[in-house]
Amino acid sequence: MADYPARFLRGEGFALTLLLPLLAGTAARAAGDDSFGQLMLAAEHGDARPLEAAIPGITDPATRALAQARLAASRLDTDAVRVALSDFKQTNDAAPAHRAMADTIATDAYFAAGRYSDVAEAARDWLALPAGADPRHTTQAIAMVGGIANSLATAPKQVLISSRPATVPAVRDRAGLTVAPASVNGTALPVVLDTGANLSTVSASTAARLGLHMVGSPANVGTATRDAVAVRIGVAGKVELAGVTLKNVAFLVLDDAQLQLPLKPAYQIEIILGFPVFRAMGRITFTTAGGFSPDGGAAASPAAPNMHLGGSDLFVDATVNGLPVSLHLDTGATATSLSPAFAKAHPDLFAALPRMNRRIGGAGGVTEIQVARLEPVDIAIADKHTVLNGIDIELSDGARSSSETQGTLGQDVLRSFAGYTVDFASGRFTPFPAGGSGPRP
């Protein structure tokens, strides 16, 4: 699973990242550094293409079932995940590393689907494994996942009440975040729209003002700049956005200070709508002109999926100067960047590039990372190209708990197109070029 509640605000070198350490998506290493483990790890971090190509050649029933479960998770097919994990259990494979891998997949897929009781059960199974089955994570981290999931499981399930899609203005504020008008428990207010937020998030003062109902017990999550911050789970009885009405939307509730950005003057984030809200909408469209619409644009594309799920993170297949990458789709990120994993995979590319330090601040404080600057950059998605003056390649990940993803797809690329549609049913991310005839909300 990935970053909470948002990703990186590169424009001013700030980050808004909260991390649930276990769900940051590194547990596939429990299978070791064998080739199968690496295929699974790549899929867990958004690049499912190599795993899909390898499945026909996998003959061991337990290994094949795990691979099919991971691929189904990447396609947002929760039912297929359940079937594949059931097949794995029937093989009676008792290898602790494989059981840890199964628990990883269950945690990722069921968290993204809002099946929090199943997440808590997977965490309990994880904790029952022999010591060393998952050397990447401590029992404390696994218990943290179970605690968050248990709190979420006590909340009433999110339900789509009505959908009469409409277009609303979606504009970038002074922090570079995309903000749109919404209503929460009958109170109108601007909300941050962030596809990179695994859960919707709200400040404590705003939660009180909106009358959110608190459920479960307080828990801790890790952050990009601090080991842990305290959170609660709050539930909004009704959320209305762009003609869609949802009931029982769960929010992470943080102290106000944890959602302040170090801008001048100080910037306070009040509320973020994240992945569970967008997934419930089915298909969403953003336009560079400043519009957001659920179920917007033309009919679902018959083309092959180019968008995958890693935990609750959406990844889009792209190329960077001709090199294939899977980039985390994050409307909360002001700039596209590549990760230490990309740098490690392509050492010759950045060896001669200029290096510098970037400060990123967010929930819990400020940290510093080292980057190389790649200039210029051609980025292609679904045969649509855009050229940037340059992007950062991160060479160190500071205090963040995961650097295995290949990079982040931010607003600099997204806004170079006239708009884009995210279709959860077909697994397609479709940009439409500036001045083109692509779909509009």
Side-chain angles (χ1 to χ4, degrees), residues 1-2 24-110 112 122 133-136 303-320 322-329 338-339 341-342 344-346 381-382 402-407 426-429:
M1 198 69 57
T26 54
R29 290 193 183 278
D33 290 329
D34 58 284
S35 58
F36 175 68
Q38 291 304 301
L39 288 172
M40 292 288 279
L41 184 62
E44 191 173 343
H45 293 293
D47 188 3
R49 293 168 293 183
L51 179 65
E52 183 176 10
I55 285 178
I58 300 175
T59 57
D60 175 67
T63 305
R64 185 180 179 87
L66 287 172
Q68 290 172 331
R70 173 51 70 191
L71 184 61
S74 77
R75 293 174 171 170
L76 290 81
D77 191 341
T78 311
D79 290 338
V81 170
R82 179 183 53 79
V83 171
L85 290 179
S86 177
D87 290 343
F88 169 75
K89 289 182 180 180
Q90 290 177 16
T91 67
N92 295 315
D93 186 334
H98 281 180
R99 286 181 57 192
M101 187 180 291
D103 290 331
T104 305
I105 297 168
T107 300
D108 283 353
Y110 296 150
D134 182 3
R136 297 283 295 182
N306 69 343
M307 186 175 68
H308 312 281
L309 195 72
S312 287
D313 283 344
L314 292 171
F315 291 85
V316 175
D317 295 338
T319 63
V320 174
L323 297 172
V325 295
S326 291
L327 298 177
H328 175 221
L329 174 62
L338 298 171
S339 73
F342 179 89
K344 182 179 180 180
H346 303 284
I381 303 172
S402 175
S403 60
E404 276 86 358
T405 59
Q406 293 178 296
S426 66
R428 287 291 298 179
F429 176 88

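All values derive from a computational prediction rather than experimental measurement.
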Measure across [X] and [Y] and return the closest heavy-atom pair with its distance rounded to 0.1 Å.
| X | Y | answer |
| --- | --- | --- |
| T91 | A62 | OG1-CB, 3.5 Å |
| S326 | R49 | OG-NH2, 3.5 Å |
| F88 | A102 | CE2-CB, 3.8 Å |
| V320 | V325 | CG2-CG2, 3.7 Å |
| N306 | R428 | OD1-CA, 3.3 Å |

(request) Go through the structure and list residues passing side chain to side chain donor-acceptor pair (under 3.5 Å) with T78, not counting sequence neighbours. (result) none
(request) Kindly write out the residues that satisfy side chain to side chain donor-acceptor pair (under 3.5 Å) with Q68, not counting sequence neighbours, or none if the list is empty. (result) none
Under 3.5 Å: donor-acceptor pair, side chain of [X], backbone of [Y]:
| X | Y | answer |
| --- | --- | --- |
| S339 | T405 | yes |
| S74 | H308 | no |
| Q406 | F342 | no |

Side-chain donor-acceptor contacts of residues 50-59 below 3.5 Å, not counting sequence neighbours, with atom names and distances?
{"from": "E52", "atom 1": "OE2", "to": "R75", "atom 2": "NH2", "distance (Å)": "2.5"}

(request) Show the numbers, then the answer: is there a side chain to side chain donor-acceptor pair (under 3.5 Å) between H45 and D313? (result) CA-CA 9 Å; H45 293 293; D313 283 344; over 6 Å; no
(message) Please list all pairs meeting salt bridge (charged side-chain N to carboxylate O under 4.0 Å, His left out) that have one or both residues in residues 78-103, counting only residues at least two apart or in different chains.
(response) R99-D125
(message) My understanding is that only residues two or more places apart in sequence, or in another chain, count here; which of them pass ring pair (Phe, Tyr, Trp, His ring centres under 6.0 Å) with F429?
(response) Y420
(request) Test F36 against M101 for side chain to side chain contact (heavy atoms under 4.5 Å, CB included), laying out the working first. (result) CA-CA 12 Å; F36 175 68; M101 187 180 291; 3.9 Å; yes
(message) Can you list everything that forms a side-chain contact (heavy atoms from CB on, under 4.5 Å) with A106? Sequence neighbours excluded, please.
(response) L85, Y110, A122
(request) Only one of D47, D317, L338, I381 passes side-chain contact (heavy atoms from CB on, under 4.5 Å) with L327; say which it is. (result) L338
